[in-house]
Enquirer: 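Please see the structure below; I have some questions.
Numbers restart at 1 for each chain; the letters A, B, ... are given by sequence-line order, proteins then strands. Worth saying up front: this structure is predicted, and the values here are computed from it rather than measured.
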Protein chains: 2
Amino acid sequence: MDNPFVKYPGYLLRRASKSRMAQLAQHLEPLGVGVSEASILVLVGRNPGISQAECGRLLSIKRPNLNPIIRRFIERNLIISTKGQGRIQCLNLSESGEALAERITQEFEAQEARIYEAVPPHLRDELVPMLNALWWSQ
Amino acid sequence: MDNPFVKYPGYLLRRASKSRMAQLAQHLEPLGVGVSEASILVLVGRNPGISQAECGRLLSIKRPNLNPIIRRFIERNLIISTKGQGRIQCLNLSESGEALAERITQEFEAQEARIYEAVPPHLRDELVPMLNALWWSQ
DNA sequence: TATTGTTATACTCTATAACTATA
DNA sequence: TATAGTTATAGAGTATAACAATA
């Protein structure tokens, strides 16, 4: 059978992205979080007091979709929400949230190392420039 | 605000993939097909008599998810299904299916050209090897 | 008014289980 | 039995509209 797509960079790009996301999800599974959830926790950890709306903008998640995820984190006592300016809720990690974000960050770094090492040594310096060039920013 | 992910190749890979898929979907929209649907039509055109199950394996689409898509193509008279060995249905493009697959292929080629040209000239020869290296094939 | 948080809703993609039809 | 097609279903992820709350 002839797969006419293996010569298309767009197809290879999608295949690479999907497989690496699955790989990362597999390593995050024991921590009880998906990739999006893990990213949110790390983002809140790096930006104490950030709002839901700002999280959504940075991660390209629409506010109505982010809201129930944040709510679950609050219920699980991983994120603490305090009143801010206007209707804003300032988000911060709880102590257990900090611990989990730490472990997630380790998995993120391990994943990046796996990707980096999969690239032939003479192309490694070009990895980030290449991926930035492939981004279509509208 | 600090986005801690812009240094992660995995994040850049996903961002690139998602944006390019959106770009391609935008160009396919006037043809009335999504990216997956377009791929199926081209695949059937290149492999006359292929089965649903084989299509699914080549495109990483599970049979239960592929089935209704094929059925819609048959209803729209883009694909013709004939009885084969066992329960197999042999799939072929109709005349209008051929015409549509031709236009889709042109859009695919145009998309690949856009991606190729977005890469700095000195990295273009490394594009396909890089993307193949980034694929985690389990 | 503009922005945030919130609810409802819907559409796509994906995944699993289980059924039938045929070799 | 094994494979193909089929149906039902459930879970992500994503999208829009609209409402409530606050500056």
Enquirer: Would you mind reading off the distance between B:L66 atom CG and C:dT16 atom P, rounded to a whole angstrom?
Expert: 16 Å
Enquirer: Is a donor from one side chain sitting under 3.5 angstrom from an acceptor on the other, for B:N132 and A:R15?
Expert: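 Present: a donor and an acceptor within the cut-off.
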Enquirer: For A:E54 and A:R14, find the nucleotide of DNA chain C closest to each by heavy atoms; which residue's nucleotide sits nearer the 5' end?
Expert: A:E54
Enquirer: Evaluate the side-chain proximity of B:L59 to B:L66: yes if any heavy-atom separation is below 4.5 Å, no if none is.
Expert: no
Enquirer: If you take any heavy atom closer than 4.0 Å to DNA chain C, which residues from residues 69-89 of chain A end up in contact?
Expert: A:R71, A:R87, A:I88, A:Q89
Enquirer: Please report, rounded to the nearest Å, how far the P atom of D:dA17 is from the CG atom of A:N65.
Expert: 14 Å
Enquirer: Find which nucleotide of DNA chain C each of B:S36 and A:C90 is nearest to by heavy atoms, and output the residue with the more 5' nucleotide.
Expert: A:C90
Enquirer: Would you mind listing every salt bridge (charged side-chain N to carboxylate O under 4.0 Å, His left out) that reaches into residues 19-32 of chain A, with sequence neighbours excluded?
Expert: none
Enquirer: Within the structure shown, what part of the strands sits under 4.0 Å from B:P68 by heavy-atom distance: base, sugar-phosphate, or nothing?
Expert: nothing
Enquirer: Which residue lies toward the 5' end of DNA chain D, A:K62 or A:G34, if each is placed at its nearest nucleotide?
Expert: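 Its nearest nucleotide being more 5', the pick is A:G34.
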Enquirer: How many angstroms lie between CD in A:Q52 and CD in A:Q89, if you round to the nearest 0.5 Å?
Expert: 6.0 Å
Enquirer: Would you kindly give the CD1-to-P distance between A:I50 and C:dT4, to the nearest whole Å?
Expert: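 Interatomic distance, CD1 of A:I50 to P of C:dT4: 11 Å.
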